[in-house]
Amino acid sequence: MSYTDEVLSMLAEKNASQPEFLQATKEVLESLRTVIDANEAEYRKTALIERLVTPERQILFRVPWVDDNGVAHVNNGYRVQFNSAIGPYKGGLRFHPSVNLSIIKFLGFEQIFKNSLTGLPIGGGKGGCDFDPHGKSDAEVMRFCQSFMTELYKYIGADVDVPAGDIGVGGREIGYLYGQYKRITGLYEGVLTGKGLTYGGSLARTQATGYGLLYLTQEMLKSNGIDLEGKTLVVSGAGNVATYAIEKAQQLGAKPVTCSDSTGWIYDPEGIDVALLKEVKEVKRARLTEYAAQRPSAQYHEGKGVFSVKCDVALPCATQNELTLEDAKLLVANGVTAVCEGANMPTTYEATEYLLANKVLFVGGKAANAGGVATSALEMSQNSERLSWTFEEVDNKLHGIMVNIFHNLDEAAKEYGFAGNYVAGANIAGFLKVADAMKAQGLV
Ligand code: NDP
Ligand code: 2IT
């Protein structure tokens, strides 16, 4: 049995109850097969691939908190410190009722390769909690965040592990988490990114994931002789990534006509009104029905279906496995040119294979949404030198990083015989740097 197959079957045996983690590791290992085969003896000798798929550390903890009525609740907290070969652990915190170890491990595993692709010195990690911030008061969210940090602070630090936001964790949550870290440790340090601008945050971090997604999409299309300007875009999600993807798409002359949340989706043939979307989601924290109520051109549809809208480019920006094989078939039937993932693993394994087989230009999240964490790393740099860069400076760096990521993965795909397969290119390019650093540091 090949080394790749041995590790895949070990993973399947040991993680039978973790489907998302198995999906993420399978996608990566399948596309690394050629590289692993070529270095089999060396990798086997140091158990390099087993080490790559095994987190360095997994922290599971209880998060007790009291709601506004005095009722006590308990949630499950997680931090998976996956790989520190190229830098301190770096990756977001997700607060969503669906959070479990499988989801945090898949996200942490993907983060290793994504962070490597940025070219910056950051290792891979992820954390979160099965807490649902929807419908909670600010005071409840604050008490929850304080309790979460009261346990997490033991394991993180500016040079150890630097969490940030993800689903359900935005500026408000990062603020409460930071305040509690500072209170307990007495340290005013860059232990979290995505901080507010008055206490060490970086300009452009809020926009970075969505903006970065568009910078990369534009470069990828350009290298295929296609202009983003004038194209119709389908975007899913209505959170941080989706909102700023829509904003940048419009600035670049494209027309995003959809967005979605967990209850339904909007089709707005005149193009999404970003100011209204921000008002509904960032200020009122309301449902998309509110958007439809205030926008005559918008149609609201209950449930799923956002990928049934005809488009040139689809940008899934909500959550894992939201774009199914059925959606992929609809997109292809409707003549889609490109799919770039703003979310982490939003396309199922089968849907990805279908899109690639049908020659759709496809860039996975590890590359396409790397702008968020890249800008987090820029926030860490600013914190270390106790300086703040201008919006333009950070945005220019972000643009350069995304353009580089595309060319690096494109080159890697060509070099290893997968020209045009950007999934393989990204996985290989991300892996090689981490593998080299792991090799140099011995069996740790
Ligand atoms: P937000 O919490 O800001 O927004 C998430 C959006 O997705 C909301 O509209 C939410 O709807 C929707 N959503 C979440 N879960 C589900 C679900 N199970 N079914 C349907 N809709 C859902 O998160 P972000 O925008 O930050 O994150 C979106 C994706 O991007 C995630 O995959 C995340 O991991 C990834 N990502 C985020 C980065 C960042 O910097 N924030 C960086 C790189 C990737 P509702 O409000 O109704 O729940
Ligand atoms: O998935 C991701 O890359 C993020 N949620 C951002 C992580 C970060 O540390 O900025």
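Atoms within each ligand, like the ligands themselves, are counted from 1 in listed order.
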Practice task
State, yes or no, whether a side-chain contact exists between C145 and Q180 at a heavy-atom distance under 4.5 Å.
Solution key: no

Exercise for the section: Please work out which of S98, A318, G303 has its closest non-hydrogen atom nearest to atom 28 (C) of ligand 1. Expected result: A318

Exercise for the section: Look at atom 26 (O) of ligand 1 and find which of L213, N240, I103 reaches it with the closest heavy atom. Expected result: N240

Practice task
Would you tell me which option among V241, I167, T319 has the nearest heavy-atom contact to atom 25 (O) of ligand 1?
Solution key: V241

Practice task
Could you establish whether A164 and ligand 1 come within less than 4.0 Å of each other, counting only heavy atoms on the residue side?
Solution key: no

Practice task
Go through the side-chain N and O atoms of K248 and Y215 and say whether any donor and acceptor fall under 3.5 Å apart.
Solution key: yes

Problem - Contact check, Q111 vs ligand 2, heavy-atom distance below 4.0 Å - result: yes

Problem - Atoms in ligand 2 with a heavy atom of G92 nearer than 4.0 Å - result: 7 (C)

Practice task
Could you list which atoms of ligand 2 come closer than 4.0 Å to a heavy atom of K114?
Solution key: 1 (O), 2 (C), 3 (O)

Fill in the blank from the handout: Tightest non-hydrogen contact, residues T209 and N369, listed as CG2-O, 3.6 Å

Problem - Any A370 heavy atom less than 4.0 Å from ligand 2 - result: no

Completion exercise
Closest to atom 4 (C) of ligand 2 by heavy-atom distance, out of R94, K90, K126, is K126

Exercise for the section: Say whether D273 and Q294, considering side chains only, have a donor N or O and an acceptor N or O under 3.5 Å apart. Expected result: no

